[in-house]
Structures are given as structure tokens and as C-alpha cells.
> 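This structure is in C-alpha cells; I'll ask about it shortly.
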Amino acid sequence: MKRLIPLWITAIAGIVLIASYFVPYAQGLGELTSIWFDILAGFAFILGGGNLLKVHLKKVSDKAAGWGYSVILLASFLITLFVGLGKIGVHPSPDYPDNSWSGVYNEVGSPFWWLYEYAFKPLTATMFAMLAFYIASASFRAFRAKNVEAVLLLGTAFIILLGRTFAGVWLTSWLPESLSGLKIENLSVYIMQVFNTAGSRAIIIGIALGIASTSLKVILGVDRSYLGSARSEP
Amino acid sequence: MKLHLFALSVVFTSLGDAPATATPAPASNLIAQDHRKWDDGTRIDLAWDLSADDETLVAAYRISKALARFGDFQVPLKFELVEIVKAGTGEYTVADLARKIRLENIKTKYADIVDIESLEATNQKTFPVAYVFQIVAVGRDGATSAAATTPPITPTMEWFDGGRFWFLIIVVIFCGAVIFFIQLARGGRPLKVRKIAGLEAIDEAVGRATEMGRSCLYIPGILDMNDIQTIAGINILARVAKTAASYDAKLEVPTSRSLVMATARETVQGAFLAAGHPDAYRKDLIYYVTDEQFGYVAYVQGMMVREKPAACFYMGAFFAESLILAETGNSIGAIQVAGTAMPAQLPFFVAACDYTLIGEEFFAASAYLSGSAEELGSLKGQDVGKIIVGLGIIIGVIMLSAASVILDGSPGSPFGTALLNAVEYLKQVILT
Amino acid sequence: MNVAWAWTILVVVVGASLVVLVTRREQTYRALKDLDRRWIFLLMLLAVAIPILGELTFPEKPTGLAKAVFDEIEKLEPGDKVLMAWDYDPASEGELGPMATAFTYHCCKKGLKMYYMTIFSPVGPQMIEDAIEHVIKADFPHLEYGVDYVNLGYKSGYEGVIKVIVSNIRELYTTDHYGKSVQDIPMMRDVRNIQQMDLIINVSAGYAGLKEWVLFAATPYPDLTLVAGVTGVMAPQQYPYIPEQLRGLLGAIKGAAEYEKLVLDKYGDEDPDPKYLKGKQRMGPQLIAHMLIIVLIIVANFVYFAGKRRERA
Amino acid sequence: MDRKTLIWTIVFLLAGAYLVLRSMTGGMARTYMKAVDFEFVNVAADGDEPEWIQAKPQVAADHDPNELANYPDENRQSWTRYESAPLKKYAKAVKEDPNQTTYLLSISRTIGVWLSAMFTLAIFSFLYKDSIFYKIAEAVVVGVSAAYWMVVAFWSTIVPNLIGKLSPAIVQAWAMPGLKEEQNLLYIVPLVLGAMLLWQLAPKGGWISRWPLAFFIGVFCGIRLTGYMHGDFLYQIGNSIIPLVVMVNGSFDFWGSLRAVLLVGGLLVCLVYFFFSFEHKGIVGKTAKVGIWVLMITFGAGFGYTVMGRIALLAIRLEFLFDDWLWLMDPTDKRLGM
């Protein structure tokens with residue numbers, strides 16, 4: 001029973017959505033199902049926060065290694081949550097000046113906005129900026145022209161790297177107009193439009209077929225791995 | 001078709017300038033009927049006989065629509081422009097119409113033209129909508145003819161969207177193929193799948209790690225169990241674990257999700273059992289690190305530098321961390337085998353690893369190893385999909401190329417035109 | 001221009017001498033073979049920092065796809081409706097911010113009605129606010145909220161959101177980002193679904209983003225036109241959709257710089273505000289860093305092959 | 001103290017002294033804001049529904065400021081909002097009137113700029129070595145982002161789309177007075193499913209959360225099956241049907257034709273590589289080999305574009321450090337030009 005009902009739910013939800021693609025009468029039903037899905041996706045964010053809270057509270061109470069960082073994490077989590085859900089420091093919307101809850105949660109100048117602007121934004125952006133360094137060291141340590149395939153990869157990468165900056169324009173600016181097709185900036189465009197399009201198209205077709213067949217198996221209840229492994233079932 | 005600018009400017013100049021000299025004759029026999037093809041009830045087809053002056057005076061036809069009724073309640077007609085079409089055009093499909101309108105929308109938009117109270121009195125929440133359409137011939141100098149108007153009409157919704165008929169057929173063929181092959185495999189018929197070259201590299205890598213007396217590292221991606229790439233990664237883990245068990249090599253699996261850890265433990269334990277070394281299985285080598293992407297990578301990176309595993313396997317869904325992992329692995333001189341269906345990360349694995357399972361190949365490897373009827377069957381079904389693509393492209397391209405050569409040699413050749421029409425049908429009707 | 005030449009020569013000379021040294025001198029070979037990667041980090045830092053401080057810039061020559069994006073917007077008439085799907089976050093702002101700014105500027109100049117929304121991340125509304133604050137309110141103060149532009153904010157559900165709004169926007173978007181009922185927003189009154197949009201402009205950093213807009217909006221409703229700006233990581237995978245499902249594409253900061261130039265050439269002032277030149281400005285460090293990467297790969301390969309030769313010998 | 005530690009200590013001390021000096025002399029990180037006063041007057045008679053008329057910053061159209069000034073204080077609502085303002089405007093305002101109060105130095109935002117600079121450096125410190133600074137920054141970003149997502153999901157989806165549908169009256173009275181929706185009790189379903197999903201946090205009854213998970217996955221699969229088959233499969237066949245013989249104005253276009261042949265041929269050989277029913281031997285093997293080459297070129301292009309993207313991400317962080325924090329680039333704030 002515990003397994004059967006989820007299988008039916010999956011099957012019905014999937015079939016409704018597929019049907020709504022082909023049958024106009026089912027479109028309204030498809031919309032409603034999708035909206036429920038969107039709301040549930042909102043709950044997933046709450047679940048994510050809850051899980052984080054649970055894991056780190058446990059870490060703190062167990063005094064596990066690095067529990068001090070968990071305290072910092074919990075503090076920043078709870079402060080952000082408090083100022084955000086409480087709309088602390090948010091002024092009313094000009095349309096409803098007597099309702100202090102009517103303002104928007106991320107109003108400029110509010111503590112929630114401040115946390116975004118001066119903590120969230122620099123931290124996430126810098127995390128990703130580190131990739132520029134890693135890509136440099138990867139270039140130095142990992143890209144070896146050991147066979148034909150690697151030579152093709154690196155050669156293409158060079159053309160793109162040069163062709164998508166002004167360096168490419170200089171390097172081949174001496175080529176006459178009749179050979180303009182060989183200018184690096186034009187070569188990079190051809191590579192993108194011909195080889196990259198062909199290769200990417202083959203990859204996305206393959207992945208689309210994989211996704212479609214997996215979806216089909218899930219809807220039909222053939223593939224149940226998302227329900228957890230069979231042995232963990234009580 | 002979009003002639004807005006041109007035709008509007010014609011209309012506007014006529015308003016400002018001297019009175020028009022020649023008024024074109026109106027279009028006649030304007031007919032409105034529900035869209036010919038099956039649709040979702042948002043289209044009406046219009047057809048009309050061209051104005052008598054179509055070839056001389058008329059520049060364009062202006063098509064307008066107006067609401068005529070909410071249910072049984074008449075509404076004063078207020079026409080709004082739908083489109084302006086070139087002279088010589090005798091039909092048009094008006095799209096994006098409504099069949100019903102909600103009372104509250106009538107209240108906000110049409111309160112000035114209809115008596116809301118009497119609508120409310122019916123206790124209906126929605127009202128069927130009827131439209132009238134009007135067509136006016138616009139002369140070259142801007143003069144407009146008398147209008148031709150249709151009686152009120154409501155679009156109807158069919159039970160099936162005809163525009164997607166061919167798509168449905170292709171979906172059915174593909175899904176049918178997948179189900180067919182799964183049943184075939186379940187019935188015990190062996191399905192042949194080609195050898196996947198990367199799989200030998202796995203055995204080799206484990207073997208070398210054993211020789212060197214160092215460990216193997218296995219990363220099943222950073223997504224949770226609900227991602228098919230993680231599942232494929234776990235299937236391949238089973239094989240790696242089996243090889244490691246038979247060679248008596250140490251296998252370490254740090255994971256980024258607790259659920260993945262639980263599944264990986266079961267899988268590895270099973271593999272050690274199957275290889276006949278259940279006692280060699282060590283639970284604590286398969287552990288959860290953190291969900292946070294960079295935190296996880298930072299940990300794995302540090303661990304790799306300290307322990308220097310001789311073989312690294314990256315099998316699953318990866319994002320920006322792919323290059324950090326591959327680069328670190330390279331710097332410690334490990335043999336690396338990767339597999340992922342993340343197109344953006346493939347370059348890094350391909351360049352830095354000794355062997356990479358690319359995209360679909362990764363799933364194929366997983367199916368090949370798991371040997372399960374479902375996976376092998378769906379792989380075969382996917383091959384059917386690829387045959388459809390290949391045949392479709394080859395036939396279409398040959399026909400189109402032939403048509404363009406024939407029509408270039410002898411313009412208007414009936415065979416060439418027929419070919420061209422066939423390709424157009426293929427592209428515009430079947431493949432959209 | 002001369003600065004850039006000097007740079008290129010410097011980088012090439014250093015690279016070439018390293019290559020020579022590697023093959024000739026055992027000591028250099030050893031040093032490079034076991035080079036601490038923090039030295040490479042430092043090189044990267046300098047390659048980006050110095051051009052920024054020196055405000056190094058280069059001329060831009062727009063290519064086909066950027067022109068295609070520009071032309072699609074040019075085709076529209078004042079008052080046409082444009083859906084601005086701002087699917088990015090601060091992490092990708094370095095690449096996509098300049099595009100978003102240029103798109104907004106272009107649409108304001110054209111007098112288009114702008115409908116902002118986001119499905120990528122809960123941080124998306126903040127990106128929309130940036131466009132509104134820094135472009136619309138700063139340079140087009142006559143545009144009125146609710147009449148010329150509206151911020152519909154974020155909805156969770158990824159492609160599930162697109163799936164709903166292609167046929168019915170009202171059921172999901174009951175209010176705008178600020179909690180105002182859409183029924184009270186003049187420009188939302190006639191909008192039943194996004195099929196009524198004359199163009200969709202998507203600025204996308206990943207999932208959910210451009211791929212979802214292509215698959216769930218532009219494909220099932222071929223009348224919808226879609227143009228987009230995406231990060232460098234995503235760009236190559238979007239080419240199969242061009243031009244049928246996707247009319248134009250700006251890839252990475254180069255795409256942004258090209259489009260910026262097209263917009264400024266037609267609509268820019270004599271001395272455009274620096275915020276409209278961010279793409280061009282970031283192409284300076286880009287060039288030097290690309291050269292660095294190329295030199296690193298070449299030097300590393302020489303080290304690798306020198307090592308192989310030594311092994312054999 | 002060994003030599004390395006000594007060098008680092010000196011570097012840090014020097015950098016610190018430099019920063020202190022620069023910030024004391026007013027040369028960096030300062031952030032300004034503009035005060036905007038809001039005032040609303042209730043012009044309705046006592047006991048009637050309140051009718052609020054804006055008095056500040058602008059008086060609402062068809063209202064006389066003098067008339068509004070007559071109302072007593074209890075009929076008023078007023079507050080001040082602080083908008084971001086560039087240094088340029090502040091400098092101009094101070095020059096015109098040294099006693100002005102519209103443009104102000106924002107202490108909290110200046111501290112914010114310092115804090116973001118510290119966070120930026122803390123993350124970058126990881127490039128040198130994992131350290132306590134990086135770990136703290138990491139803890140903060142995980143905590144803040146998880147809470148941020150929760151808050152946005154709550155205010156943008158749960159309140160208007162769920163509570164607003166189940167009980168519009170509550171939402172109107174509370175956070176969204178402008179909401180105009182009718183009650184729809186069908187939305188109990190997502191409420192129940194949502195509650196079941198949150199059950200995962202409970203120690204027992206893990207099976208309960210499988211129902212919403214099953215719904216979630218079913219919808220995903222339903223949407224994706226048709227979506228991917230249509231856009232990434234069917235359309236890609238149509239997109240690939242192009243003439244191999246390209247004629248331009250009646251003459252044969254060699255380069256155009258070559259491009260078409262390479263595009264279609266490249267796609268077909270890649271598909272052969274991804275075909276699993278045949279062994280890669282003989283002609284199939286050779287074709288698959290060419291397929292790999294095409295894929296390698298694709299990956300090379302992907303690598304080039306990825307490099308390009310990552311560098312821009314670094315550029316914006318350095319711009320922040322040099323410009324917003326250190327004011328090394330143009331202290332007149334021309335660059336930001338907001």
C-alpha cells in the first residue's frame with residue numbers, strides 16, 4: 001500500500017500532463033496540476049531550510065568536528081529568516097499606507113536587502129569567481145595533447161579563445177579579403193555554427209531520448225528507484 | 001504578413017490629407033467558421049471574395065474583431081484591429097480568441113458596455129463569448145471601402161489538438177519501442193549492446209591502483225538519488241566495487257548527499273559479497289561529506305592531495321567542480337575515468353581524464369553493467385529513436401537537395417515542385 | 001592599441017623563453033613540472049587585475065547572432081509587449097549583467113512594454129530590481145510602473161511555471177512582485193497568456209532558463225519569438241536551436257559587448273554612461289586572460305613532452 | 001616566528017595600515033543615500049473606509065496641498081525611505097547647500113561594503129590555503145542563502161498562490177491588501193501534499209513524504225517527456241533538413257554547400273557513435289571515430305566558451321574591490337553612474 005499509492009500518484013500526474021499537451025480539454029487540468037507542482041516546489045525550499053536546521057542543530061548538540069561553524073551557519077540562517085519573514089524595517093506599500101505588512105520583503109534599505117547586498121551577493125559571486133583561477137591551473141596541469149582527439153579539442157579551444165577576443169582580429173588582419181574565411185574570428189563563427197551545432201545536436205538528441213524513456217519508465221512504474229531502494233522499505 | 005507600419009501609415013496619411021479620390025469596392029461573401037483543423041478553441045478561419053478593385057485600387061485588407069455577446073447578453077460592437085493583410089489575400093485565421101469569459105473579467109474590462117447586475121443575476125460564473133469580424137478594403141491612397149461583417153460566432157474546442165497529431169504518432173512509436181524491448185528483455189531474450197570501451201579502462205585502473213598499493217576514489221556526482229545520472233553512477237559503482245574486491249584494493253566513496261551514501265553502501269556491500277570477499281567490505285570508507293557544492297569539492301580535493309589515490313572515477317552529474325576534480329587528479333598522477341551527461345562539463349573530463357563516457361554512452365555503460373531488462377530495453381528503444389532521426393534527416397535532406405537542384409535546372413518542373421512540397425510538408429506539418 | 005601589442009608581445013616572449021628553457025635546462029623543467037599552482041593563480045589575478053586598473057579596452061565588431069538579436073528587437077513597434085525573463089543571479093552577473101542592462105536600455109528606447117519575471121532562482125527579483133533602478137528609473141524616469149513596465153517577480157516551479165503561463169498567466173500570477181493585484185495593473189489587463197507577447201527576451205544562467213523557454217514556450221507555440229543572452233558555459237549547447245526555435249543568441253561577455261555596441265551605435269549618447277559599456281570594459285581583461293590560458297597550455301605541453309622524452313632517454 | 005610567518009605578518013600589517021589610513025581620510029568604501037519622505041493623509045470622514053491621499057513626495061493629482069495640510073496628525077501616515085545615491089549627487093548637493101539633509105552618508109551601507117570586501121577576500125584566501133576565514137564565509141553563505149530562498153518562496157508563492165487561494169480574506173487583511181482572488185478549495189491538495197513533504201523533517205514516517213515526491217516526479221516526467229521529445233527530438237530533425245547543394249543566384253555556392261554537408265554529415269556520424277546496437281568495428285567503427293572527432297571539436301568550443309565565462313566572473317569581483325571598496329578606479333563614481 002505504501003508503495004502502490006505513490007506509483008498511482010506518479011502515473012496519474014504524468015498522464016494528465018502528457019494528455020494536456022494533446023487534448024485541449026485537459027489543458028485546464030494540466031494547468032492546475034502544474035500550479036500545484038509550483039506550490040510544492042515552494043515547499044521544497046522550506047524543506048531545504050528545515051533540513052539544514054536539523055543537520056546543524058544535531059552537529060552543534062553533538063559537538064561534532066567544526067560545530068563552531070555550524071553555530072555561525074545557524075545564526076546567519078535564523079537572522080535572515082527572521083528579518084525576511086517578519087518584513088523587519090519594511091515600509092508600507094504606497095497603495096496601502098496604513099498596512100505595515102503591505103511593503104515588499106526586499107525593499108531597498110531593509111535589513112533583508114542589506115543581507116542580500118552585502119553578504120549573499122559578494123559571497124556567492126566570489127565563490128564562482130574562484131573558477132577563473134581553477135580554470136587557469138587546469139589549463140596548466142590537465143590539458144595534454146596526448147592523442148588526435150586532444151589535439152582537436154585544444155586546437156578548437158585556441159581558435160575560440162583567440163577568435164572571441166580582439167587578439168584574433170589582429171593576428172589574421174593581414175589576410176586578404178579573398179581569404180577572409182580563414183580569419184580567426186570568422187573561423188570561430190564557422191566552428192560554432194557547423195561542428196559545434198552538429199555535435200551539440202547529437203548530444204541533445206541522445207539526452208532527450210534518455211530523458212523521455214526514463215520518464216516513460218517512471219510513469220509506467222517500471223523504474224521505481226526514486227522511491228528509494230527496495231531493501232530500505234520496512 | 002506583418003504590414004503594420006506600411007498600412008497604418010497609409011491609413012493615417014489618408015486621415016490627415018485631402019479626401020480620398022477613389023473608394024475601392026468592398027470585399028464580399030465574408031465567411032467566418034471554426035478553425036478547420038482540430039484546435040484548442042482559440043481560432044476562427046475567415047474567408048472572403050476579393051474586392052472587385054483588388055488588382056487596381058486595393059493596397060490591403062484590414063481585419064477587425066469585436067465582442068458580440070456574453071452568453072445571451074448583447075454587447076455594443078467595438079471593433080479592434082486584428083491584422084492588416086496584403087491585397088490579393090482571401091483568407092486569414094484569427095488566433096488567440098476566447099471561448100468563455102469570467103464574470104470578474106467582464107467586471108474589470110467591460111463594465112461600461114454591459115449591465116453587470118443582470119449578468120450577476122444569472123448566477124453564472126463564466127459566459128460564452130461570441131465574436132463578429134469585419135473586413136475593410138484599404139485603397140492605395142488610403143480610402144476605405146464599406147465593411148463586410150460576419151454574424152456572431154464562437155470558436156469550438158475539439159477533443160484533440162490536430163496540430164500535434166504527427167508528434168503524437170512519433171511519441172507513440174518511440175514509447176512503444178521502449179516498452180516492446182523491455183518486454184522482450186523480460187521475456188528472457190538476450191539484447192545485444194555493444195561493448196563500451198571505457199569499461200575496460202575501469203578494470204585496468206583498479207588493477208594499477210592495486211599494484212601501486214594505493215586506493216581508488218569513486219565520486220557518484222553531486223546530485224541526489226532522484227537524478228538518473230546518479231543512478232547510473234551507482235550502477236557503475238557496483239562494477240568498480242566488484243573489481244576492487246577481487247583485486248583487494250581499497251575503495252573510498254565520499255558523497256554529497258546522505259541518500260546517495262546509503263545507496264552506495266548497500267551497492268558496495270552487495271558487490272563485495274558477489275566477489276566473494278564480504279569480510280573486506282568497510283562501511284566507513286563510504287561516507288557523507290556535505291550537500292554544499294564547494295564545501296564538498298574542497299574536502300575531496302584536500303583528501304586527494306593527502307591520500308594520492310591511484311585511480312579516480314567520476315560518474316554522475318557534475319557542475320563547475322568537474323574541472324577542480326579532474327585537475328587535482330591529474331596533478332597527483334592518478335588514472336582517471338569519468339562519465340557524465342552534463343554537456344558543459346564534458347570538455348574538462350575529456351581533456352584531463354584517461355577515459356570519458358560521453359553523455360548517452362554513460363547511461364549505456366550503466367545499462368550494460370546492470371544487465372537489467374528495463375535498462376537494456378530502454379537503450380534499444382533509444383536506438384530506435386536514433387534510427388528515426390537518421391532516416392528522417394537522410395530522406396529529408398536528399399529530397400530537399402534534389403528539389404533544389406532540379407528547380408535550379410528547370411524552374412517550375414512539376415517533379416521538383418512536388419518534391420519541394422513534400423519536404424515542406426515533412427518540415428512544417430510532421431516535424432513541428 | 002599599443003598597450004595591447006606590448007601585452008601580447010610580453011606574454012608570447014615569456015611563454016617562448018619558458019618553452020626554450022624547459023627543453024634546455026633541467027632546473028626550469030623541474031620547477032615547472034612541480035610548479036605550485038598558487039603561482040598560476042597569481043598570474044591569473046594579474047592578468048585580470050592589471051587590465052581592469054589600466055582600463056584597457058578594444059574595439060568590437062558585432063557578429064551575426066548579436067545582430068540577429070538586435071534586429072529582432074528593432075522589428076518591434078512602440079507599445080509591443082516584451083517578456084523580459086531575467087533568469088540569472090549575482091554569481092553570473094559578471095557575464096549577464098551587461099546584457100540585461102543593454103536589453104533594458106534598448107527596450108526603453110524602442111518604447112516597448114516590458115514584463116519582467118524570473119524562474120531561475122529566488123534571487124532573480126533582485127536582478128530585475130537592478131535593471132529597473134539603474135536603467136529605467138535612472139535614465140527613463142518618464143516611464144510609469146504598471147503602464148510601461150511591470151515586475152512580476154519570482155515563482156517557484158521551474159519549467160512548471162512556463163507550462164502554466166503559456167496558456168494562462170492569471171491563475172499563477174495573481175499579484176506582481178510588490179503584492180499589487182494584476183487586475184489593478186493597466187498593462188496586465190489584456191494579457192491572458194504569454195502567447196500574446198511579441199517577443200521573449202531571456203537572460204539565462206542555467207536551469208531553469210533558456211533551454212526550458214525553448215522547450216516549453218517557443219517549441220509548442222511557434223508564433224512566439226525568443227532571443228536570449230546566456231553564460232559562456234551554456235552558449236555552445238544552444239546552437240542547435242538556432243534559428244528556428246531561437247532567433248538570436250548572445251554568448252558570454254563577448255556577446256554582451258557586441259550587442260552593447262549595436263545598441264549604443266544606434267541609440268547611444270555622445271558620451272554614454274559607463275554602465276552601458278561594461279561588456280566592452282570586461283573584454284580587456286578577457287583578452288589578456290585568454291592569452292595567458294593559451295600560453296599556459298602550450299608551456300605545460302612542452303613540459304609534458306619534455307618529460308616523456310626524458311623518460312624514454 | 002619563522003621567516004614565512006614574519007613576511008606574512010608584515011604584509012598584513014602594511015596592508016592594514018594602508019586601509020586604515022585611506023578610510024580615515026575618506027578615500028574609500030563610503031556609500032551614500034537619498035532620503036525620500038512619504039506622507040499619506042486619510043481624507044475619509046470618521047467611521048468610513050479610510051481613503052489615503054499621497055501628500056509626499058508628490059501631492060496626488062487633483063488634490064490641493066493646503067487642503068491636505070488641514071488634516072490632524074492622527075489622519076496621517078508617514079515614513080522615510082533611503083534610496084541608493086551616487087557620490088556624484090551627494091557631492092553636488094553638498095556643494096549647493098552644505099546644510100542639506102536629502103543626501104546622507106549611510107553608515108550601515110558603508111559597513112556593508114567593508115563587510116562584502118572582507119567576505120570576498122575571505123573566499124579568495126582559500127586559493128592560498130583553507131583557513132578559518134574561508135570556513136566562516138562558507139558557513140555564512142550557506143545559512144543566508146537557505147534562509148533567503150525560504151523567505152522568497154514564502155512571500156512569492158506560498159502566500160499569494162496557496163494561502164491566497166484558500167483564504168483570500170486572511171491574505172488581504174494581512175500582507176497583500178491588493179489581492180483580488182476568489183476562494184478555491186481545490187488548493188487544499190497542494191497544502192496537504194506540502195505538509196506531507198515537510199513530514200520528512202520528522203523522525204518517523206518517512207513513507208509519508210513519498211506521496212508528494214511521487215506527485216513531483218510524475219509532473220516532472222509528464223512535462224519533460226513531451227517537452228524534450230518535441231523540442232530536442234522532433235524539431236531537431238526538422239532543423240537538420242537543409243539542402244546540401246546550396247545555390248546562390250543560380251550558381252553553385254561551394255562554401256555554403258560544404259558547410260551544409262559538414263553540418264548534416266557531422267550530426268549523422270555523431271549519432272552513429274551514440275548507437276549502441278552495433279559493435280564499433282569495420283565501417284561503423286571508422287564512422288564512429290569521425291563522430292568522436294566532431295564531438296571533440298564541440299568540446300573544444302565548449303572549453304573556450306567556459307574559459308571566457310569564468311574570467312568575466314572574476315573581473316566583476318575585482319571591479320568591486322578596486323572600485324566600490326578601494327576607490328582606485330574613479331572616485332568620482334562616474335563608472336557606476338547610477
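All chains are named by letter (A, B, ...) in the order of the sequence lines, taking the proteins before the strands, and each is independently numbered beginning at 1.
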> Give, as side chain, backbone, both or neither, the part of L154(A) having an atom under 4.5 angstrom from any heavy atom of chain D.
neither
> Just say parallel, tilted or perpendicular for the rings of H91(A) and W79(D), cut-offs at 30° and 60°.
parallel
> Is chain A contacted by the side chain of I292(D), its backbone, both, or neither, given a heavy-atom distance below 4.5 Å?
side chain
> Nearest 0.5 Å, please: how far is CD1 in I5(A) from CH2 in W211(D)?
3.5 Å
> Please identify, among V264(D), L186(D), I316(D), the residue contributing the most non-hydrogen atom pairs under 4.5 Å to chain A.
L186(D)
> For chain D, find which of P92(A), G109(A), S139(A) contributes the most heavy-atom pairs closer than 4.5 angstrom.
P92(A)
> Check whether the ring centres of Y105(A) and F154(D) lie less than 6.0 Å apart, and answer yes or no.
no
> Spell out, as yes or no, whether a donor-acceptor pair under 3.5 Å connects the side chain of D98(A) to the backbone of Q77(D).
no
> Return the CZ to CZ distance between F220(D) and F37(A), rounded to the nearest 0.5 Å.
4.0 Å
> Write down the atom of A198(A), the atom of V294(D), and the distance for their closest heavy-atom approach.
CB-CG1, 4.4 Å
> Using heavy-atom distances under 4.5 Å, tell me whether S106(D) contacts chain A through its side chain, its backbone, both, or neither.
neither
> Would you check if L209(A) and F233(D) make a side-chain contact, meaning some heavy-atom pair closer than 4.5 Å?
yes
> Pick from V71(A), V104(A), I39(A), D95(A): which one has the most heavy-atom pairs with chain D under 4.5 Å?
I39(A)
> Which one of S209(D), A153(D), P190(D), G304(D) has the most heavy-atom pairs closer than 4.5 Å to chain A?
P190(D)
> Need one label for I158(D): side chain, backbone, both or neither, based on atoms under 4.5 Å from any heavy atom in chain A.
side chain
> Given a strict heavy-atom distance threshold of 4.5 Å, which part of I159(A) is in contact with chain D: side chain, backbone, both, or neither?
neither
> Under a 4.5 Å heavy-atom cut-off, does chain A meet the side chain of V189(D), its backbone, both or neither?
side chain
> For a quick test of reading the model, state the closest non-hydrogen atom pair linking A208(A) to D232(D) and the distance between them.
CB-CB, 3.5 Å
> Quick check on M176(D) against chain A: is it the side chain, the backbone, both or neither that has a heavy atom closer than 4.5 Å?
neither
> I'd like to know which of S137(A), G30(A), G66(A), A212(A) tops the heavy-atom pair count under 4.5 Å against chain D.
A212(A)
> Might you point out which heavy atoms bring S76(A) and V144(D) nearest each other, and give the distance in Å?
CB-CG2, 3.8 Å
> Does any non-hydrogen side-chain atom of L263(D) lie less than 4.5 Å from one of T197(A)?
yes
> Please flag which part of L131(A) lies under 4.5 Å from any non-hydrogen atom of chain D: side chain, backbone, both or neither.
both
> Just give me the residue among F45(A), F195(A), F22(A), Y69(A) that pairs up with chain D most often, heavy atom to heavy atom, under 4.5 Å.
Y69(A)
> Kindly give the heavy-atom pair with the smallest separation between T298(D) and S200(A), and that separation in Å.
CG2-OG, 3.6 Å
> Below 4.5 Å from any heavy atom of chain D, which atoms of Q193(A) appear? Answer side chain, backbone, both or neither.
both
> Suppose a student defines contact as a heavy atom less than 4.5 Å from any heavy atom of chain D. Which residues in residues 48-55 of chain A would they list?
G49(A), G50(A), N51(A), L52(A), K54(A)
> Hey, are the side chains of R317(D) and F128(A) touching, using non-hydrogen atoms and a 4.5 Å cut-off?
no
> Name the region of F40(D), side chain, backbone, both or neither, that has any atom closer than 4.5 Å to a heavy atom of chain A.
side chain
> Side chain, backbone, both or neither: which part of S116(D) has a non-hydrogen atom closer than 4.5 Å to chain A?
both
> When the aromatic ring centroids of F303(D) and F143(A) are compared, is their separation below 6.0 Å?
yes
> Where on S20(A) is there a heavy atom nearer than 4.5 Å to chain D: the side chain, the backbone, both, or neither?
neither
> Using a 4.5 angstrom heavy-atom cutoff, name the option from I204(A), L40(A), I191(A) with the most pairs to chain D.
L40(A)
> Examine whether an atom of A312(D) lies under 4.5 Å from a heavy atom of chain A, and if so say whether it belongs to the side chain, the backbone or both; otherwise answer neither.
neither
> So L81(A) and M150(D), do their side chains get closer than 4.5 Å, heavy atoms only?
yes
> Which bit of A19(A) comes within less than 4.5 Å of chain D, counting heavy atoms only: side chain, backbone, both or neither?
neither
> Relative to chain D, which segment of I46(A) carries a heavy atom at a distance below 4.5 Å: side chain, backbone, both, or neither?
both
> At a 4.5 Å cut-off on heavy atoms, which part of L162(A) comes close to chain D: side chain, backbone, both, or neither?
neither
> Can you name the closest pair of heavy atoms from L314(D) and A129(A) and give their distance?
CA-CB, 3.8 Å
> Below 4.5 Å from any heavy atom of chain D, which atoms of F133(A) appear? Answer side chain, backbone, both or neither.
side chain
> Roughly how far, to the nearest 0.5 Å, is OG of S156(D) from CG of D38(A)?
10.5 Å
> Side chains of F320(D) and T126(A), heavy atoms from C-beta outward: is any pair under 4.5 Å?
no
> May I ask you to decide if the ring planes of Y21(A) and H230(D) are parallel, tilted or perpendicular, using 30° and 60° as cut-offs?
perpendicular
> Which value, rounded to the nearest 0.5 Å, describes the distance between R109(D) atom CZ and W113(A) atom CH2?
4.0 Å
> Under the 3.5 angstrom rule, does the side chain of W293(D) hit a backbone N or O of E149(A) as a donor-acceptor pair?
no
> Among I111(D), L318(D), L271(D), L162(D), which residue has the highest count of heavy-atom pairs closer than 4.5 Å to chain A?
L162(D)
> Is the closest side-chain heavy-atom distance between R201(A) and N239(D) below 4.5 Å?
yes
> Which bit of F158(A) comes within less than 4.5 Å of chain D, counting heavy atoms only: side chain, backbone, both or neither?
neither
> Checking heavy atoms, do the side chain of I12(A), its backbone, both or neither come under 4.5 Å from chain D?
neither
> So do L225(D) and L17(A) actually touch side chain to side chain, heavy atoms under 4.5 Å?
no
> Sort M127(A) into side chain, backbone, both or neither according to what part of it lies under 4.5 angstrom from a heavy atom of chain D.
both
> Checking heavy atoms, do the side chain of L47(A), its backbone, both or neither come under 4.5 Å from chain D?
both
> Looking only at side-chain N and O atoms, does R310(D) offer a donor or acceptor that is under 3.5 Å from a partner on Y134(A)?
no
> Is I297(D) close to L153(A) at the side-chain level, that is, under 4.5 Å between some pair of heavy atoms?
no
> Using heavy-atom distances under 4.5 Å, tell me whether I160(A) contacts chain D through its side chain, its backbone, both, or neither.
side chain
> Please give me the minimum heavy-atom distance between T80(A) and V151(D), naming the atom from each residue.
O-CG2, 4.2 Å
> Surrounding CH2 of W101(A) (heavy atoms of other residues, nucleotides or ligands, distance under 6.0 Å), is the total greater than 12?
yes
> Parallel, tilted or perpendicular for W36(A) and F215(D), by the 30°/60° rule?
tilted
